[in-house]
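Predicted, not measured: the structure shown is a model, and the values here were computed from it.
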Amino acid sequence: MSEDRTSGEPTRGAPEAAELPAYAERVLDVADLIPPGRVMTYGDVAEWLDEGGPRQVGRVMALYGGAAPWWRVVRSDGTLLPGHELRALGHYREEGTPLREASRATQGHLPRLDMRLARWDGVTGAAEGGGGPGAGDAPGASDAPDGNDAPDGNDAPDGDDAPDGDGTARG
């Protein structure tokens, strides 16, 4: 854990690091666990912690997330963080995070995250410190061609904020 979690973007008016609430510390710890090339939604993080909800996680990331890999905690629809789209897109491309290219009709022509491929379940690949398709998934994990390594066989993009799996908190 870094000593100062309050520096950098997209933090706005963050209190000093000594004032970091325990919940914020736990949210930032989860953000630090997300492997490069993978993402978790705000709701995924809350479910992983078994505490709070998407709005609370989003608030923590807005206030304190500048020194954490903030671009890996995202909206469930895969849209890029408003106001930080280009910085996030640079991180995604550098890490090889799966993207869905935008159609010409889409305003701004910005891609979205391919949530079916990029979403991390909080377990797969954690032991190796990697993640993403082909990055050395955990033993026994599915190597499904669609990139969803959920052991429960739920490969459908369901649009909710719950990670695939058995729904229990991990950690």
Exercise for the section: I would like to know whether Leu86 and Leu110 meet side chain to side chain contact (heavy atoms under 4.5 Å, CB included); could you show each step before the answer? Expected result: CA-CA 9 Å; Leu86 296 180; Leu110 286 172; 4.2 Å; yes
Problem - From CA spacing to verdict: side chain to side chain contact (heavy atoms under 4.5 Å, CB included), Leu33, Trp120 - result: CA-CA 10 Å; Leu33 292 174; Trp120 186 55; 4.2 Å; yes
Handout entry: Trp70 and His84: CA distance, side-chain angles, deciding distance, ring-ring contact (aromatic ring centres under 6.0 Å, His included) verdict
Key = CA-CA 10 Å; Trp70 54 267; His84 301 281; 5.7 Å; yes
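Looking at Tyr42 and Val74, their side chains never come closer than 4.5 Å, going by heavy atoms from C-beta outward. Residues Val57 and Tyr23 have side chains in contact (heavy-atom distance under 4.5 Å, counting atoms from C-beta outward). Within the 4.5 Å cutoff, side-chain heavy atoms of Leu20 are placed close to those of Tyr64. His91 has its side chain out of reach of Thr97: every pair of non-hydrogen atoms, C-beta onward, lies at least 4.5 Å apart. Annotation: side chain of Leu99 is not in contact with side chain of Asp114 (no heavy-atom distance under 4.5 Å). Looking only at side-chain heavy atoms (C-beta outward), Met115 and Asp77 stay at 4.5 Å or farther from each other. Under the 4.5 Å side-chain criterion, counting only non-hydrogen atoms from C-beta, Leu28 is in contact with Met61. For the pair Thr41 and Val73, the minimum side-chain heavy-atom distance is 4.5 Å or more.
For the pair Glu95 and Arg38, the salt-bridge criterion is not met [side-chain N within less than 4.0 Å of a carboxylate O].
When all heavy atoms of Ile34 and Arg72 are compared, the closest pair comes out as O-NH1, 2.9 Å. Across all non-hydrogen atoms, the minimal contact from Ala68 to Ala31 is CB-CB, 4.3 Å. Smallest separation of non-hydrogen atoms from Trp48 and Gly122: NE1-O, 3.5 Å. The two residues Tyr92 and Leu80 have their closest heavy-atom pair at CE1-CD2, 3.4 Å. For the residue pair Asp32 and Pro69, the shortest heavy atom distance occurs at OD1-CD, 3.2 Å.
At least one donor-acceptor pair under 3.5 Å links the side chain of Glu85 to the backbone N or O of Gly83. With hydrogens and angles ignored, the 3.5 Å screen pairs no side-chain donor or acceptor of Arg100 with any backbone N or O of Arg112.
Partners of Glu51 under the side-chain hydrogen bond (donor to acceptor under 3.5 Å, both in side chains) rule, at least two apart in sequence or in another chain, are Arg26.
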